[in-house]
Amino acid sequence: MENTWVGLLDCNNFFVSCERLFRPDLVGKPVAVLSSNDGCVVARSQEVKDMNVPMGVPYFQIKDILKKGSVTTFSSHISLYRDISRRVFEVMKREMGQVEQYSIDEAFFICKGSFAEVENMIEQLKNVIEMEVGIPVSIGLAHSKTQAKYAASMAKKSAGVKVLNMEEWSTIITDIPLAKIWGVGGQMELKYKANGLVTVADYLASDKQRLGAIFGVVGQRLYAELSGYASPSLGSSSSAQKSLMSSRSFKNPTENIDVLADAIAYHVRHVAADLRRLKLKASLIRVSINTSRHGDFILRGGTLDVAFNDSTNDTFKLMAAAQKLLKQLYENDVPYKKVGVVVSDLVDSNGQQGSLFVEEEVTRKQDRLMEIIDNLNTGKNKNLVKLGTRLRAKEWQGRQDSCSPSYTTRWSDVARVSAK
DNA sequence: TCTGGGGTCCTAGGACCC
DNA sequence: TCTGGGGTCCTAGGACCC
């Protein structure tokens, strides 16, 4: 077991690195990427981190600081980042075999060998990804996922790779606050502190049973992870997704139900198309309409859901259900700031058993129609068919003031390379 | 004026049943 | 008059993550 390691690969400042890929002139210069609506800072280059700009800070609060520091800012360009992400993980799979993707820019993997061997392997991996995709990465290797996360954070501060064995781990844990550990947030930190636990060493020196009694399964799992004795394994990378969501804040609040209906329609189209792309059907749809988190209407808004007898990925069915929920939720004279749609209780659309009450012929026709719509929408004319829309998009869709071109997903935006 | 979007897992407590 | 206790299932919401 000593020879089996679990690794975490983490793309450095991922969104920033994606933008720099097509703007090499920005390498070494301060760059930040903003969330949708240009609301918050969601990615920072090292130069921006060094300016003490925190993650997630509202853009308007630090606009001046960014300007003063000549920071180049981009609106989020998620389709571009997803495309680059896919390339990183393709290389990773080719090199390492099975990987468990954890987020758009991180994945776990297992590797075996002596310290020197695995160190060599991850240096290789780093080089190959940086050569082939052009995104800088950090890789940490240790004896549990939680340790590997920590190793990756050490890697980021040094050569970009870090193999953390048990010997070194046991010497550094007295200096690692629990708050720096993956999965320990502000609330848990307070709870641990209240019980006299501040560092990883404190935690590991405690009685395992007692930790379980006080902190439940979360506390027990943390012990196993920190101790490194949980045999490393990957969650099956194909493990079924549990829910799909589409939601967005509006540029300006609205009291108009037609605008809300238009936004809901947009989100339903998106989750329905996602379901079909992933070959899934949903048994539950949930609609949320929210007011601003800041202001006089915090307690208004709400969430309602409805279950289907037959799971579905049919845009019409989902749309009808969602619009009905919206009507139930809507109140006059409330300024809404955000709406969203979640589908869950997902089942495989291939193996799904039809209800006795659904005519098979009807189902087939609907599937065919959805297929035609999807083909139209993914072709040259993106989003040609917009079911349920009343074209009020401008009234709710947000600002994307400085979005980079679609270098990889739109022919017209492909970067041109010219020889001298 | 302006505060993201998309997920997972766990828990407490209510409903219901015997 | 007296008003159990234990189990399961479900849901809303909390906590955390990137």
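Naming: A, B, ... by sequence-line order, numbering from 1 per chain. We use all heavy atoms of the structure for the numbers below, so side chains are in, but hydrogens, waters and symmetry mates are not. Just so it is clear, the structure is predicted and the values come from calculations on it, not from any experiment.
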For a quick check of understanding: with a heavy-atom distance under 4.0 Å over all strands, which category does [X] fall into, base, sugar-phosphate or nothing?
{"X": "A/N252", "result": "nothing"}
{"X": "A/Y59", "result": "nothing"}
{"X": "A/G186", "result": "sugar-phosphate"}
{"X": "A/V57", "result": "nothing"}
{"X": "A/V342", "result": "nothing"}
{"X": "A/I104", "result": "nothing"}

Out of [options], whichever nucleotide has its closest atom nearest the side chain of [X]:
{"X": "A/Q241", "options": "B/dG4, B/dT8, C/dC18", "result": "B/dT8"}
{"X": "A/S246", "options": "B/dT3, C/dC17, B/dG6", "result": "B/dG6"}
{"X": "A/S103", "options": "B/dT3, C/dC18, B/dT11", "result": "C/dC18"}
{"X": "A/R221", "options": "B/dC10, B/dT3, C/dA15", "result": "B/dC10"}
{"X": "A/S243", "options": "B/dC2, B/dG5, B/dT8", "result": "B/dT8"}

Between [N] atom [atom2] and [X] atom [atom1], what is the distance in whole Å?
{"X": "A/Q187", "N": "B/dT11", "atom1": "CD", "atom2": "P", "answer": "16 Å"}
{"X": "A/F89", "N": "C/dC18", "atom1": "CZ", "atom2": "P", "answer": "13 Å"}
{"X": "A/E225", "N": "B/dC9", "atom1": "CD", "atom2": "C1'", "answer": "14 Å"}
{"X": "A/H294", "N": "B/dG4", "atom1": "NE2", "atom2": "P", "answer": "6 Å"}
{"X": "A/L178", "N": "C/dA15", "atom1": "CG", "atom2": "C1'", "answer": "16 Å"}
{"X": "A/L66", "N": "B/dT3", "atom1": "CG", "atom2": "C1'", "answer": "15 Å"}
{"X": "A/Q61", "N": "B/dT1", "atom1": "CD", "atom2": "P", "answer": "12 Å"}
{"X": "A/F108", "N": "C/dC18", "atom1": "CZ", "atom2": "P", "answer": "9 Å"}

More 5' along DNA chain B: A/F215 or A/M245, using each one's nearest nucleotide? A/M245
Toward the 5' end of DNA chain B, by each residue's nearest nucleotide, A/K338 or A/K251: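 Between the two, 5'-proximity favours A/K251.
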Find the partner of B/dC17: check Watson-Crick (N1-N3 plus N6-O4 or O6-N4) and G-U wobble (N1-O2, O6-N3) distances, both under 3.5 Å, and reply none if neither fits.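 Its partner is C/dG6 (Watson-Crick or G-U wobble, both distances under 3.5 Å).
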Is the distance from OP1 or OP2 of [N] to the nearest side-chain N or O of [X] less than 4.0 Å?
{"X": "A/S249", "N": "B/dG5", "answer": "yes"}
{"X": "A/K337", "N": "B/dT3", "answer": "yes"}
{"X": "A/K242", "N": "B/dG6", "answer": "no"}
{"X": "A/S247", "N": "B/dG6", "answer": "yes"}

Do A/L141 and A/L164 make a side-chain contact, defined as non-hydrogen atoms from C-beta onward lying under 4.5 Å apart? no
When you check the side-chain N and O atoms of A/N12 and A/S17, is any donor under 3.5 Å from an acceptor?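 No donor-acceptor contact under 3.5 Å links the two side chains.
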Atom CZ of residue position A/R86 - does it have more than 12 heavy atoms of other residues, nucleotides or ligands inside 6.0 Å? yes
Any cation-pi pair here, A/K208 with A/Y223, using under 6.0 Å and within 45°? no
Checking A/N13 side chain against A/V16 main chain: does a donor-acceptor pair fall under 3.5 Å?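 Judged by distance alone, no pair lies under 3.5 Å.
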Short side-chain to backbone donor-acceptor contact, A/D314 and A/F316, under 3.5 Å: yes
What integer number of Å spans the C1' atoms of B/dC17 and C/dG4? 14 Å
